[in-house]
Amino acid sequence: MRLDSHFYQRDVLEVAPDLLGKTLVRKFESGDELRVTITEVEAYRGTDDLGCHASRGITERNRVMFAQGGLVYVYLIYGMYWMFNVVTSVETDPQAVLVRGVTCADGPGKLTRLLAIDKSFYGEDLVTSSRIWIEDTGVVPSFITTPRIGIDYAGPYWSKVPWRFLMST
DNA sequence: GGGACGATTGAA
DNA sequence: TCAATCGTCCCA
């Protein structure tokens with residue numbers, strides 16, 4: 001069953017771990033569906049979080065983070081990889097979950113390549129989209145947490161907050 | 001208008 | 001350890 005807006009419009013620290021074990025579905029124009037299980041995510045939370053793109057205020061790139069939960073936030077990194085994020089919480093509260101890993105693709109850049117996700121998905125609504133959405137599976141996997149990856153620039157506190165969630169079963 | 005820099009990856 | 005590669009952001 002497809003996750004609805006209530007699932008997404010909660011605090012990112014609740015949504016992020018809840019996304020583990022869920023099924024990310026990508027439906028192509030050909031009609032083929034690629035279904036993968038989310039295994040690794042990271043939470044980015046508000047303007048105080050120096051690791052979060054929203055920490056420097058609203059910009060052209062991050063504006064969708066300030067919209068309601070359930071929308072897709074996609075951006076290009078290192079000039080070659082698209083990062084797939086799920087916006088959470090409510091309007092004006094900028095939060096997002098970076099999906100870092102799924103079954104069949106063990107990295108954020110690899111999974112967007114596998115699922116053919118690019119800038120055209122910016123602002124896509126996971127609640128109503130016909131080409132990408134997330135389904136509940138009824139499975140509640142156990143998980144572990146670690147600091148987030150690749151954000152040393154965020155300083156000693158924010159670079160070490162244990163907001164990376166990894167499925168452990 | 002110009003320069004620095006990534007929420008990464010894969011090869012040396 | 002290091003290059004690839006370019007849109008975004010910030011300063012001038």
Side-chain angles (χ1 to χ4, degrees), chain A residues 3 7-22 24 26 34 36-126 132 134 141 143-168:
Chain A
L3 297 173
F7 176 90
Y8 299 109
Q9 294 181 12
R10 295 178 293 147
D11 191 275
V12 70
L13 294 180
E14 292 181 31
V15 179
D18 280 359
L19 281 172
L20 296 175
K22 298 291 189 290
L24 175 59
R26 170 78 170 93
L34 191 47
V36 295
T37 300
I38 297 173
T39 59
E40 177 184 350
V41 299
E42 283 179 355
Y44 288 86
R45 189 172 187 269
T47 52
D48 292 337
D49 177 1
L50 296 182
C52 180
H53 288 162
S55 66
R56 277 167 294 186
I58 189 167
T59 68
E60 182 60 25
R61 177 179 67 165
N62 70 20
R63 63 191 159 73
V64 74
M65 287 184 75
F66 290 76
Q68 82 273 17
L71 302 189
V72 173
Y73 171 35
V74 173
Y75 67 91
L76 185 67
I77 191 65
Y78 299 112
M80 54 183 95
Y81 300 109
W82 295 103
M83 299 287 101
F84 172 69
N85 296 254
V86 175
V87 175
T88 67
S89 192
V90 296
E91 206 175 333
T92 72
D93 183 18
Q95 306 185 337
V97 177
L98 167 65
V99 180
R100 293 189 58 90
V102 298
T103 46
C104 307
D106 66 345
K110 296 179 187 175
L111 79 88
T112 52
R113 196 172 50 192
L114 173 74
L115 300 177
I117 294 171
D118 58 21
K119 187 67 178 289
S120 74
F121 283 79
Y122 189 92
E124 190 90 357
D125 190 345
L126 292 169
I132 191 167
I134 301 174
F143 62 87
I144 61 170
T145 63
T146 82
R148 295 171 293 180
I149 304 297
I151 57 164
D152 289 347
Y153 63 81
Y157 179 78
W158 292 105
S159 67
K160 292 188 177 68
V161 168
W163 290 355
R164 175 179 177 227
F165 303 86
L166 289 146
M167 213 165 79
S168 60

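Given the structure is predicted, the values throughout are model-derived calculations rather than measurements. So that the names make sense, note that chain A is the first sequence line, chain B the second, and so on, each numbered from 1.
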Should [X] and [Y] count as side-chain neighbours, where that means a heavy-atom distance under 4.5 Å?
X	Y	result
A/R61	A/Y75	yes
A/T112	A/Y81	no
A/T92	A/F66	no
A/L114	A/L34	yes
A/L19	A/F7	yes

Which atoms of nucleotides 9-12 of chain C (N or O only) lie under 3.5 Å from a protein N or O atom, and what are those distances?
unit_1: C/dC9; atom_1: OP1; unit_2: A/T59; atom_2: OG1; d: 2.2
unit_1: C/dC9; atom_1: OP1; unit_2: A/R61; atom_2: N; d: 3.4

Of the listed nucleotides C/dT5, C/dC6, C/dT8, the one nearest the side chain of A/Y78
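Closest of the options to the side chain of A/Y78: C/dT5.
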
Kindly say if A/K119 contacts the phosphate of C/dC6, meaning a side-chain N or O under 4.0 Å from OP1 or OP2.
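Negative; the distance criterion is not met.
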
From the options A/D118, A/I132, A/L115, A/V97, select the one residue that forms a side chain to side chain contact (heavy atoms under 4.5 Å, CB included) with A/F84.
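Checked A/D118, A/I132, A/L115, A/V97 against A/F84; only one passes side chain to side chain contact (heavy atoms under 4.5 Å, CB included): A/I132.
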
Would you kindly give the [atom1]-to-[atom2] distance between [X] and [N], to the nearest whole Å?
X	N	atom1	atom2	answer
A/L114	B/dT8	CG	C1'	16 Å
A/L98	B/dT8	CG	P	7 Å
A/L76	C/dG7	CG	P	7 Å
A/L50	B/dA7	CG	P	13 Å
A/W82	C/dT5	CH2	P	16 Å
A/R63	C/dG7	CZ	C1'	14 Å
A/E40	B/dA7	CD	P	16 Å
A/H53	B/dG6	NE2	C1'	8 Å

Hey, is A/R10 close enough to A/D18 for a salt bridge, meaning N to O under 4.0 Å?
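Yes, A/R10 and A/D18 are salt-bridged.
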
Less than 4.0 angstrom from a charged side-chain N to a carboxylate O is my criterion; do A/R148 and A/D49 meet it?
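Yes, this pair counts.
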
Going through the distances and angles, do A/I134 and A/V86 end up as a side-chain contact (heavy atoms from CB on, under 4.5 Å)?
CA-CA 10 Å; A/I134 301 174; A/V86 175; 4.2 Å; yes

Can A/V102 and A/T37 be said to form a side-chain contact (heavy atoms from CB on, under 4.5 Å), step by step?
CA-CA 5 Å; A/V102 298; A/T37 300; over 6 Å; no

Quiz question: by atom type and distance under 3.5 Å, do the side chains of A/Y122 and A/E124 form a donor-acceptor pair?
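A/Y122 vs A/E124: no donor-acceptor pair found between side chains.
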
Roughly how many Å apart are B/dA12 and C/dT5, using the P atom of each and rounding to a whole number?
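My reading of the P atoms in C/dT5 and B/dA12 gives 14 Å.
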
Quote, to the nearest angstrom, the P distance that separates C/dA12 from B/dC5.
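Per the computed distance, 15 Å lies between those P atoms.
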
Search all heavy atoms of A/F143 against all heavy atoms of A/L20 and return the closest pair with its distance.
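So the two residues come closest at CB-CD1, 3.5 Å.
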
Paired stems touching DNA chain C, three or more consecutive Watson-Crick or G-U pairs with both distances under 3.5 Å?
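DNA chain C stems, ordered by first number: B:1-6 with C:6-11, B:8-11 with C:1-4.
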
Atom pairs under 3.5 Å, N or O on each side, protein against nucleotides 9-12 of chain B: can you list them with distances?
unit_1: B/dT9; atom_1: OP1; unit_2: A/P108; atom_2: N; d: 3.1
unit_1: B/dT9; atom_1: OP1; unit_2: A/G109; atom_2: N; d: 2.8
unit_1: B/dT9; atom_1: OP1; unit_2: A/K110; atom_2: N; d: 3.3
unit_1: B/dT9; atom_1: O4'; unit_2: A/Y81; atom_2: OH; d: 3.1
unit_1: B/dG10; atom_1: OP1; unit_2: A/R113; atom_2: NH2; d: 3.0
unit_1: B/dG10; atom_1: OP2; unit_2: A/K110; atom_2: NZ; d: 3.3

